[in-house]
Amino acid sequence: MCLAIPGQIASLMDADNAIVNIGGIEKMVSIALIENPQVNDWVIVHVGFALNKIDADEAERTLAALRAAGELTDADVEEVAPNA
């Protein structure tokens with residue numbers, strides 16, 4: 001199963017990478033595909049790449065639905081943002 005999970009940019013590392021908080025776990029993620037990424041932006045993350053920005057309400061609804069369905073686990077976070 002492929003998952004794309006909302007995460008919030010916690011800090012910018014350089015022009016192409018950021019630390020993103022995904023369900024309480026911080027991971028380094030490529031932000032090369034995002035236009036003008038900023039700290040606190042919400043993004044959709046899949047296999048270590050932020051694919052696009054989303055608003056905070058959409059992110060919270062998605063995270064709540066994943067948690068309620070039992071679909072958001074530490075293993076899922078590792079799948080969408082593997083360690084380099």
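Remember, predicted model here, so these are calculated numbers, not experimental data.
- Among all heavy-atom pairs drawn from Ala59 and Trp42, the shortest one is CB-CE3, 3.3 Å.
- Between Leu33 and Leu51, some side-chain heavy-atom pair lies under the 4.5 Å cut-off.
- Residues meeting the side chain to side chain donor-acceptor pair (under 3.5 Å) test with Glu58, sequence neighbours left out: none.
- In this view, Asn40 satisfies the side chain to side chain donor-acceptor pair (under 3.5 Å) rule with no residue, not counting sequence neighbours.
- Closest heavy-atom contact between Pro37 and Leu12: O-CD1, 3.8 Å.
- The only option from Val20, Thr62, Leu63, Val45 that meets the side chain to side chain contact (heavy atoms under 4.5 Å, CB included) definition with Ile5 turns out to be Leu63.
- Applying the side-chain contact (heavy atoms from CB on, under 4.5 Å) rule to Ala64 yields no partners; only residues at least two apart in sequence or on another chain are considered.
- Between Ala4 and His46, the shortest heavy-atom contact is CB-CB, 4.1 Å.
- Within the 4.5 Å cutoff, the side chain of Pro6 has heavy atoms near those of the Ile44 side chain.
- Annotation for Ile31 and Ala50: closest pair CG2-CB, 4.3 Å, computed over non-hydrogen atoms.
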Does the pair Met13 and Ile19 meet the rule for a side-chain contact (heavy atoms from CB on, under 4.5 Å), with working shown?
CA-CA 7 Å; Met13 304 303 293; Ile19 300 298; 3.5 Å; yes
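- Taking both residues in full, the closest heavy atoms of Ile22 and Gly7 are given as CG1-CA, 4.1 Å, listed atom of the first, atom of the second, then distance.
- In this structure, the separation between CZ on Arg61 and CG on Asp55 is 6.5 Å, given to the nearest 0.5 Å.
- Applying the salt bridge (charged side-chain N to carboxylate O under 4.0 Å, His left out) test to residues at least two apart or on different chains, the pairs with a partner in residues 45-54 are Asp41-Lys53.
- For the side-chain hydrogen bond (donor to acceptor under 3.5 Å, both in side chains) condition, the pairs that include at least one residue of residues 5-23, sequence neighbours left out, are Asp14-Asn17.
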